[in-house]
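So the structure is just underneath, and the comments pick up after that.
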Amino acid sequence: MTSFRCFLVLSLVSFLLLSTVLPSISTNDEQDDEDLRFLEETEGKSVDIASLPHLSDSDDDQFPDDDEEDEDSGSEQETDAPLSDPYKAPQIDDKDVVVLTQGNFSDFIKNNKFGMVEFYAPWCGHCQSLAPEYAAAATELKGEGVMLAKVDATQEDELAEEYDVEAFPTIYFLVNGKHTLYPAARNKDAIVTWIKKQIGPGIYNVTTLDDAERILTSESEVALGYLNSLVGPESDELAATSKLLDDIKFYQTMNPDVAKLFHVDPEVKRPALVLLKKDAQKICHFDGLFVKTAISEFVTSNKLPLVTIFSRESAPSIFESSIKMHLLLFATLNISEKYIPVLQEAAELFKGKLISIYVQVDNEESGKPVANFFGVSGNGPTIRAYSGDDAKKFAMNGDVTFNNIKAFAEDFLAGTLKPFYKSDPIPETNNEDVKEVVGDNFDEIVLDESKDVLLEIYAPWCGHCRSLEPTYNKLAQHLRGINSLVIAKMDGTTNEHPKAKSAGFPTMLFFPAGKKSSDPMKVNTGRTVVDFYKFLKEHATIPFKLKKAVLVPKDKPTKTSDSKVREKSSSVSSKEEL
């Protein structure tokens, strides 16, 4: 009986507690939602960035746009104008380019052993630039038994899907119906040369002095094999090498007079090979084993100049090279003549290992953007190194001398250099609610293990970043009293850090306290003050409570001094966040 009474008492107490607590929880939840409304109170208009059209972390602004300065005043009429003015293709003589559709594509493949097909879009600028080159190549190759064709991928959806077309133009070379991507440059000469190598032996015989003189006059880069026979193992190795290297024409000869014209000693032991170029290092003699791999490595190492002048035209040969380690000299044109020879002398030691490049920093079109990317300012001379495999940059200290460049390049290849990251000067004061982060104070502010840090990576020219600024500032104002939280921003165009990688602007990253060795969290949330606040409440390592400030009404003056009024206005009530 006693046990039964105890059970009844306990049951009654439990019931009373639950009936009291549950309404309280429900009331508190509702009160939370209601109390958070003060976060969005503003004297002006509150900006909800999440509601802006086409805005996400994946498709934010990535590059400056001259029109963006006027984006607020832009009209819908200006935006929609291109839709009412469709692209009109210029007149191009492409009578030798076959137009393919779903209806005749199979017949084209069946009737042509060799063929090339371009999948294009009429509005694509790259396709428009390719069109006259492609048409000229089609005319020249017509007599070689190779047909060039094109498919409008915007009209032939099924064909585009079947051939995995994801970008324009996509160009395939077909042999007996089997297709491979065309890898070379998009101009007539490159297309013709590449296709002739695929369908032919890959090498051309030079038997007369007239032929030799014509080749030396018309070609900028040639390789000549001086062989014992124009057929057989030596020729086969040379032909196989030719198919690996699309941008070099290979020739072969047995004629001693032709060899002499190509700067080969007629009495040299055969097989011999020479690479001729029209630059400072005009002649390169091969002295290795006469096999495909060794010949290919030799040509790849020597086909570029000792120092390549960076331009839009030379960029593909740099970035498409199998050599991914680059050494760069930055200098204005007027002082380049003094320093390029120094770089050339050092570059001779690292042929086949490094590509040495001169960047003219006062060239607005090609040099200035590269200088900005590497954080180079001023007239130079400045030396940087770049690893294409991991996109790391390295800075050389000291004067630009042969010995300094040599030592720097050796350390670069050995992997002993510390990467260089761009940084603005550290701010003299940093007392604003939103802390200014630069490359050189990133570790101190963002990687402080005792702080939860929200970081915006922005660009000054980015319209979305400018729209977000008042919301971000307001968030920081509300959270200024939370010592464990830091709201920060960093200009991603002039500052870098290995922990701050952004694919576009703005990029929002969160660095939880005590977890700075891990990669930061991507902030995938709406972009209002409340959204950010809720994200921080959920993910912050150190719990915090926001207290609503009690302000003194402006229409009720008090007898307290101004200093006490300010103190009271910024003080926090004893009522905690619900």
Side-chain angles (χ1 to χ4, degrees), residues 220-221 248 274-288 297-311 313-363 366-368 370-422:
S220 59
E221 296 173 329
I248 300 289
V274 65
L275 176 66
L276 301 183
K277 306 177 295 178
K278 293 181 178 179
D279 60 51
Q281 189 192 30
K282 292 181 171 59
I283 306 169
C284 301
H285 290 281
F286 175 66
D287 59 1
E297 183 178 342
F298 163 77
V299 175
T300 300
S301 302
N302 290 278
K303 67 180 180 180
L304 288 175
L306 282 176
V307 175
T308 300
I309 310 300
F310 186 85
S311 65
E313 292 72 29
S314 66
S317 64
I318 295 171
F319 297 121
E320 294 172 9
S321 171
S322 59
I323 303 172
K324 301 301 181 184
M325 309 289 272
H326 302 163
L327 194 64
L328 301 100
L329 165 67
F330 294 86
T332 54
L333 182 63
N334 64 330
I335 65 171
S336 63
E337 292 183 0
K338 177 180 178 181
Y339 295 101
I340 289 178
V342 179
L343 181 59
Q344 285 176 332
E345 184 183 5
E348 182 75 42
L349 303 175
F350 303 103
K351 285 192 305 181
K353 299 177 182 179
L354 294 173
I355 297 178
S356 297
I357 305 162
Y358 162 62
V359 180
Q360 182 187 335
V361 296
D362 52 346
N363 183 314
S366 59
K368 192 68 173 178
V370 180
N372 291 339
F373 176 77
F374 281 89
V376 174
S377 58
N379 296 332
T382 301
I383 296 289
R384 293 279 192 268
Y386 178 75
S387 171
D389 290 327
D390 53 18
K392 289 183 178 178
K393 293 171 274 194
F394 306 87
M396 188 188 87
N397 298 318
D399 297 332
V400 176
T401 65
F402 168 79
N403 288 333
N404 284 344
I405 295 175
K406 176 176 177 292
F408 176 69
E410 289 172 344
D411 291 341
F412 175 45
L413 291 173
T416 59
L417 295 176
K418 182 180 179 182
F420 162 81
Y421 298 101
K422 294 188 296 185

Taking all atoms of both residues into account, what is the closest heavy-atom pair of [X] and [Y], and its distance?
{"X": "Thr401", "Y": "Val342", "result": "C-CG1, 3.7 Å"}
{"X": "Asn404", "Y": "Gly398", "result": "ND2-C, 4.2 Å"}
{"X": "Ile248", "Y": "Glu221", "result": "CD1-OE1, 3.4 Å"}
{"X": "Gly378", "Y": "Val361", "result": "O-CG2, 3.8 Å"}
{"X": "Leu275", "Y": "Val299", "result": "CD2-O, 4.2 Å"}

Would you give me the side-chain donor-acceptor pairs under 3.5 Å for residues 328-339, sequence neighbours excluded?
from	atom 1	to	atom 2	distance (Å)
Thr332	OG1	Asn334	OD1	2.5
Ser336	OG	Leu333	O	2.8

Self-check item: Test side-chain contact (heavy atoms from CB on, under 4.5 Å) applied to Glu345 and Glu348, step by step
Solution: CA-CA 6 Å; Glu345 184 183 5; Glu348 182 75 42; over 6 Å; no
Quiz prompt | Qualifying salt bridge (charged side-chain N to carboxylate O under 4.0 Å, His left out) pairs, either residue in residues 398-413, two or more places apart | solution = Lys406-Glu410
Quiz prompt | Partner of Leu327 by side chain to side chain contact (heavy atoms under 4.5 Å, CB included), out of Leu413, Val307, Leu343 | solution = Leu343
Please list, chain by chain and in numerical order, all residues satisfying side chain to side chain contact (heavy atoms under 4.5 Å, CB included) with [X], sequence neighbours excluded.
{"X": "Ala407", "result": "none"}
{"X": "Tyr421", "result": "Pro419, Glu496, Pro498"}
{"X": "Lys368", "result": "Glu364, Asn372"}

Self-check item: Expected output: side-chain Lys277 to main-chain Leu304 donor-acceptor under 3.5 Å
Solution: yes
Quiz item: Could you go step by step and tell me if Ile355 and Met325 meet the side-chain contact (heavy atoms from CB on, under 4.5 Å) rule?
Solution: CA-CA 6 Å; Ile355 297 178; Met325 309 289 272; over 6 Å; no
Practice problem: Kindly state each residue pair satisfying side chain to side chain donor-acceptor pair (under 3.5 Å) with at least one member in residues 379-392, sequence neighbours excluded. | Solution: Ser387-Asp390
Quiz item: Residues two or more places apart in sequence or in another chain: which of them pass side-chain hydrogen bond (donor to acceptor under 3.5 Å, both in side chains) with Ser377?
Solution: none
Exercise. Kindly write out the residues that satisfy side-chain hydrogen bond (donor to acceptor under 3.5 Å, both in side chains) with Ser314, not counting sequence neighbours, or none if the list is empty.
Key: Ser311
Quiz item: Does a sphere of radius 6.0 Å around NZ in Lys324 hold more than 12 heavy atoms from other residues, nucleotides or ligands, not counting ones at 6.0 Å or beyond?
Solution: yes
Quiz item: Any idea how Phe319 and Phe310 line up, ring-wise: parallel (<30°), tilted (30 to 60°), or perpendicular (>60°)?
Solution: perpendicular
Quiz item: What pairs meet the ring-ring contact (aromatic ring centres under 6.0 Å, His included) rule with one or both residues in residues 395-419, with sequence neighbours excluded?
Solution: Phe394-Phe412
Practice problem: Could you grab the distance from atom NZ of Lys303 to atom CG of Leu276, nearest 0.5 Å is fine? | Solution: 15.5 Å
Practice problem: Could you tell me the separation between the CD1 atom of Ile309 and the CD1 atom of Ile318, rounded to the nearest 0.5 Å? | Solution: 9.5 Å
Practice problem: Please report the C-alpha distance between Asn302 and Lys351 in whole Å, then the side-chain angles of each, then the deciding distance to 0.1 Å, and finally whether the side-chain contact (heavy atoms from CB on, under 4.5 Å) criterion is met. | Solution: CA-CA 7 Å; Asn302 290 278; Lys351 285 192 305 181; 3.1 Å; yes
Practice problem: Just jot down the ring-ring contact (aromatic ring centres under 6.0 Å, His included) partners of Phe298, sequence neighbours excluded, or say none. | Solution: Phe286
